[in-house]
Protein chains: 2
Amino acid sequence: MPGRWGKGPVKWWYGEFRDYGYRITIPRQTILQVLDESKEHLSAEDIYLKVHNIYPAIGLTTVYRTLEILVNMGLIYKFDFGDGRARYELSSGSRKAFHHYHLICTECGRIINYTDFIDEELELVKKTEKELSKKYNFKIKNHTIQFYGLCDRCANNKE
Amino acid sequence: MPGRWGKGPVKWWYGEFRDYGYRITIPRQTILQVLDESKEHLSAEDIYLKVHNIYPAIGLTTVYRTLEILVNMGLIYKFDFGDGRARYELSSGSRKAFHHYHLICTECGRIINYTDFIDEELELVKKTEKELSKKYNFKIKNHTIQFYGLCDRCANNKE
DNA sequence: ATATTAATGAAAACGATTATCAATAAGGAA
DNA sequence: TTCCTTATTGATAATCGTTTTCATTAATAT
């Protein structure tokens with residue numbers, strides 16, 4: 001989609017936003033812009049700070065509220081890596097959506113998205129998903145695979 | 001191991017506990033007993049309440065502190081399912097340790113451990129683990145696979 | 001341009017977890 | 001056993017991420 005990801009405020013979600021009956025506001029535009037420009041797994045506060053640089057009137061409350069509706073709309077994913085704060089990432093974007101596979105350092109909290117083996121994993125996941133939803137009567141919406149351990153830096157610091 | 005899982009306070013961890021220099025106390029015994037007798041994914045407060053029935057003098061602080069050392073010792077696993085409270089489960093026990101695979105209802109918080117396909121999954125996980133730890137220099141200690149969705153009860157309530 | 005009402009931000013409230021600290025009790029030594 | 005040392009305890013306060021409240025502001029339909 002040429003031009004869809006040009007610089008400046010992203011607009012591709014305007015229609016979808018209106019379909020939901022949501023208004024298009026500067027805080028919401030800025031939050032989506034920040035999410036779109038970032039490759040990281042951002043926490044609510046990360047996002048707040050980045051938005052604050054662009055639009056200093058922003059409130060942390062608005063960030064939380066906007067993130068919640070974006071999650072409900074399916075525009076972003078919310079992750080919980082066990083460090084007490086949630087992380088958010090656009091569900092679609094410049095890069096393809098491989099947001100489900102993570103390496104997490106339990107020492108420093110570093111998070112790496114890996115994209116190796118996703119084909120094989122996706123196949124197995126799809127099969128599992130199908131069988132599990134049948135067996136347990138679960139309507140499966142999403143999944144994650146996480147590996148926990150020590151990253152190189154932290155492993156070295158331990159010896 | 002016959003007799004290892006008899007009723008009454010569990011004692012199999014006494015040695016390990018002493019090796020770590022930890023003292024064996026009534027609160028700790030009771031917490032481990034509760035964990036051993038439960039098949040569920042218990043939150044700290046769940047555990048507190050159950051222990052409180054047996055040993056009313058228990059404090060919530062002690063529960064948190066004990067759980068932390070048990071996690072560090074590797075005797076229990078700590079999970080974070082994204083509902084703001086951590087869950088704990090014995091890493092070994094009467095049942096084998098298939099604590100890594102969950103179905104989570106995002107509506108009511110119900111958690112189901114599934115054990116289907118774990119053979120295939122374990123195989124893939126092992127392979128992935130090996131390759132990822134090489135590629136990213138990660139010392140992988142643990143992993144989880146979670147499926148999020150709606151359980152039968154909650155899916156029905158939505159229509 | 002105006003009216004309607006969703007959206008905002010500051011502040012307070014909340015819930016889970018952690019830190020503080022004086023009192024207690026486990027376990028080794030005598 | 002009894003005493004001593006020190007880890008452990010539980011009540012309380014503090015912390016931190018997130019939610020709620022509510023009066024003010026601003027987006028959109030008219």
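Throughout, a chain's letter reflects where its sequence line sits, starting with A, and its residues are numbered from 1.
Ion pairing between a basic and an acidic side chain is recognised when a charged N comes within 4.0 Å of a carboxylate O; A/Lys50 and A/Glu37 show no such pairing. A salt bridge links B/Asp152 with B/Arg110: at least one charged nitrogen is closer than 4.0 Å to a carboxylate oxygen.
Atom P of nucleotide C/dA6 and atom CZ of A/Phe17 are separated by 15 Å, given to the nearest angstrom. Rounding to whole angstrom units, NE2 of residue B/His52 and C1' of D/dG10 are separated by 12 Å. Atoms CD (B/Gln29) and C1' (C/dG27) sit 14 Å apart, rounded to a whole Å. Rounded to an integer number of Å, the gap from B/Tyr48 OH to C/dG15 C1' is 16 Å. Distance CG (A/Asp80) to C1' (C/dG15): 15 Å, rounded to an integer number of Å. Across the protein-nucleic acid pair, A/Leu67 atom CG and C/dG9 atom P stand 13 Å apart, rounded to whole Å.
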Treat primed atoms plus P, OP1 and OP2 as sugar-phosphate and everything else as base, then score nucleotides 14-24 of chain D 5' to 3': B for base contact with protein heavy atoms under 4.0 Å, S for sugar-phosphate contact only, - for none.
---SBBBB---

Going 5' to 3' along nucleotides 25-30 of chain D, which nucleotides have protein heavy atoms under 4.0 Å from the base (write B), which only from the sugar-phosphate (write S), and which from neither (write -)?
-BBS--

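Atoms CD and OH, on A/Glu89 and A/Tyr77 in that order, are 10.0 Å from each other to the nearest 0.5 Å.
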Solution key, residues 55-64 of chain B side-chain donor-acceptor pairs under 3.5 Å, sequence neighbours excluded:
none

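Heavy-atom minimum distance, B/Cys105 versus B/Cys151: SG-N, 3.4 Å. Residues A/Arg28 and A/Arg23 share a closest heavy-atom pair of NH1-O, 2.8 Å. Of all heavy-atom pairs between A/His143 and A/His100, the closest is O-ND1, 3.0 Å. Across all their heavy atoms, A/Ile104 and A/Phe81 have their closest contact at CD1-CD2, 3.3 Å.
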